[in-house]
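Numbering of residues begins at 1 and proceeds along the displayed sequence.
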Amino acid sequence: DLFALLIQYGLGMGVNLFVNVPDADKGKGIGAAFGKAMSNGPAALAAHTGIGLLIVINVIVVLVTAVRARHRAALVSSIVGALCVIGAAFSGADFVDKGANSSSMTMAVLTGVAIACYVINLYILGAERD
């Protein structure tokens with residue numbers, strides 16, 4: 001999760017700075033924004049969206065693993081991380097739909113918090129191995 005989130009974070013910055021969302025993708029709602037971002041391009045936006053959806057699946061797997069392990073600290077960190085990733089995905093769709101800078105900022109902040117959560121998971125679980 002951590003490395004995928006770091007790559008996604010960098011790709012998201014590039015999309016934000018250098019890619020224009022087509023006007024045809026705007027104003028159709030958050031649900032349609034996911035599909036439009038994947039199918040109506042530009043390629044960097046489609047890649048960012050596709051990787052984001054894979055990360056959503058991955059954080060759910062991490063959350064299920066934390067639940068099964070019954071590790072309280074990892075569970076809390078995984079819940080917060082998953083909520084942040086899912087929130088970032090919806091903020092990204094809102095950005096595609098409306099083009100609001102606040103949606104882009106929300107996506108970036110939530111991704112940063114998610115990265116911190118998975119760093120905490122690695123630290124906690126690595127410290128217990130020693």
Side-chain angles (χ1 to χ4, degrees):
D1 274 346
L2 181 58
F3 293 113
L5 280 170
L6 290 170
I7 290 168
Q8 182 72 333
Y9 203 55
L11 183 57
M13 283 189 253
V15 168
N16 188 33
L17 292 172
F18 302 112
V19 173
N20 292 321
V21 176
D23 288 336
D25 291 359
K26 295 180 181 177
K28 299 198 174 33
I30 289 176
F34 280 113
K36 288 287 189 179
M38 291 287 290
S39 65
N40 206 23
L45 178 61
H48 183 60
T49 304
I51 292 169
L53 292 175
L54 292 174
I55 290 172
V56 167
I57 293 167
N58 197 31
V59 300
I60 292 169
V61 170
V62 169
L63 179 58
V64 169
T65 303
V67 167
R68 292 183 69 207
R70 295 187 178 146
H71 191 289
R72 182 174 298 243
L75 179 59
V76 170
S77 183
S78 296
I79 289 169
V80 173
L83 289 173
C84 287
V85 167
I86 293 166
F90 279 99
S91 293
D94 191 58
F95 177 75
V96 169
D97 184 46
K98 296 182 178 110
N101 288 334
S102 60
S103 297
S104 182
M105 182 66 178
T106 301
M107 183 175 28
V109 170
L110 289 174
T111 303
V113 173
I115 289 169
C117 288
Y118 295 111
V119 167
I120 289 168
N121 270 356
L122 289 174
Y123 177 77
I124 291 167
L125 298 173
E128 288 185 1
R129 271 184 28 165
D130 295 335

*Close side-chain approach of V85 and L110, heavy atoms under 4.5 Å*: no
*Decide whether I79 and V67 are clustered together by the hydrophobic rule: side chain heavy atoms of Ile, Leu, Val, Met, Phe, Trp, Tyr closer than 4.5 Å, transitively.*
yes
*Look at the side-chain heavy atoms of Ile, Leu, Val, Met, Phe, Trp and Tyr, link any pair under 4.5 Å apart, and say whether L83 and L75 land in one connected group.*
yes
_Close side-chain approach of L125 and H71, heavy atoms under 4.5 Å_ = yes
*How far apart are the closest heavy atoms of A93 and A33, and which atoms are they?*
O-CB, 3.3 Å
*Can you measure from CD1 (I86) to CD1 (I60) and round to the nearest 0.5 angstrom?*
5.0 Å
*Does the side chain of V62 come within less than 4.5 Å of N121's, by heavy atoms?*
yes
*Measure from the side-chain N and O atoms of S77 to the backbone N and O of A73, and report whether any donor-acceptor pair falls under 3.5 Å.*
no
_According to a hydrophobic-cluster definition based on side-chain heavy atoms being under 4.5 Å apart (Ile, Leu, Val, Met, Phe, Trp, Tyr only), do V80 and Y9 belong together?_
no
*About how many Å separate NZ of K98 and OG of S104, when rounded to the nearest 0.5 Å?*
14.0 Å
*Identify the two heavy atoms, one from A88 and one from T111, that lie closest to each other, and give their separation to 0.1 Å.*
CB-OG1, 3.7 Å
*Please step through side chain to side chain contact (heavy atoms under 4.5 Å, CB included) for the pair V59 and Y118, ending with a clear verdict.*
CA-CA 10 Å; V59 300; Y118 295 111; 3.3 Å; yes
*Could you give the distance from CE (M107) to SG (C84), rounded to the nearest 0.5 Å?*
13.5 Å
*Do M105 and L45 belong to the same hydrophobic cluster, where Ile, Leu, Val, Met, Phe, Trp and Tyr are linked whenever their side-chain heavy atoms lie under 4.5 Å apart, directly or via other members?*
no
_Evaluate I55 against Q8 for side chain to side chain contact (heavy atoms under 4.5 Å, CB included), listing each step before the verdict._
CA-CA 9 Å; I55 290 172; Q8 182 72 333; 3.7 Å; yes
*How long is the gap from CG on N58 to CG on L63, to the nearest 0.5 Å?*
11.5 Å
*asked:* In this structure, would L6 and L11 fall into the same cluster of hydrophobic residues linked by side-chain contacts under 4.5 Å?
replied: yes
_Which residue is it: L2, L5, I124? I am looking for the one with a side-chain contact (heavy atoms from CB on, under 4.5 Å) to V119._
L2
